[in-house]
Amino acid sequence: MNRRLGRSFFARDALDVAPELLGKVLAAGACRGRIVEVEAYRSDEPASHTFRGRTPRTTVMFGPAGHLYVYFTYGMHHCANIVTGADGDGQAVLLRAVTPLAGADVMRSRRGGAAGRPVADRRLADGPGKLCQAFSLDRTANGLDLCARRDAGVTVVDDGTAPPEQPIVTPRIGIRMATDLPWRWVAPDGFR
DNA sequence: GCCTGGATTGTCT
DNA sequence: GACAATCCAGGCA
């Protein structure tokens, strides 16, 4: 099976979409990676960019589900989210980590490649910033429609792998303002 | 306009 | 385990 996820998959509450994204496949060009770690963000909690209402940056996140919301942080890193919920909700699921299924060599070269020791495949995209680097996602990818009739270049597909029955659920990482909401989901074995 | 701090990572100790 | 790197969004004057 190799089915692109449709708009209806994403147009639900982020708390429902996030755990079901575990095991799905992120595909961009020749690169494919299985999603193993996600976090949910909603406009009703202060850790979210959308908590304080719509701004130029967060316009995409307030838009229709199934779009990519990519933002720049810490002066050097990008983070990729998938917009969820109804149009105007301001929800998203942050993609924190994937394990490469295809195109690992391309990811490795994008990550700086030859410098230093060889990087194990599963370490190539095991963080939000690294994931974006490996899949070449930056601000130009912000607002891409994953469900567009014509492939926008980045999609999420279901290859038949079921989400883990008992994902590890923890508070989110790196949040300072926030609340200890257990809105982070991790695949127990990383689908290894 | 200026100022502050961040949904991180890599490197050094 | 600690911290520097580095740029931009958002808040405030």
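Convention: sequence-line order gives letters A, B, ...; per-chain numbering from 1.
Between A:Leu94 atom CG and B:dA7 atom C1' the separation is 6 Å, expressed in whole Å. Rounded to whole Å, the distance from NE2 on A:His77 to C1' on B:dT11 is 12 Å. Whole-Å rounding puts the A:Arg123 CZ to B:dT11 C1' distance at 14 Å. What separates NE2 of A:His78 from C1' of C:dC8 is a distance of 11 Å, to the nearest Å. Note: CZ (A:Arg96) to C1' (B:dA7) measures 7 Å, nearest angstrom. Going from atom OH of A:Tyr71 over to atom C1' of B:dG5 covers 13 Å, rounded to whole Å. Between A:Arg184 atom CZ and B:dT8 atom C1' the separation is 14 Å, expressed in whole Å. The separation between A:Asp126 atom CG and B:dT8 atom C1' is 12 Å, rounded to whole Å.
Geometric assessment of A:Arg12 against the ring of A:Phe9 yields a positive cation-pi assignment under the 6.0 Å and 45° thresholds. Both tests do not hold together for A:Arg139 against A:Tyr71: distance to the six-membered ring centre under 6.0 Å, angle to the ring axis within 45°.
Residues A:Ala80 and A:Leu137 come closest through the heavy atom pair CB-CD1, 3.9 Å.
Residue A:His49 has a polar side-chain atom (N or O) positioned under 4.0 Å from OP1 or OP2 of B:dA7. Residue A:Arg139 places none of its side-chain N or O atoms closer than 4.0 Å to OP1 or OP2 of C:dC7. Taking 4.0 angstrom as the limit, A:Thr73 places none of its side-chain polar atoms (N or O) nearer than this to OP1 or OP2 of B:dT8.
Positionally, the nearest nucleotide of DNA chain C for A:Met76 lies more toward the 5' end than for the other of A:Met76 and A:Arg57.
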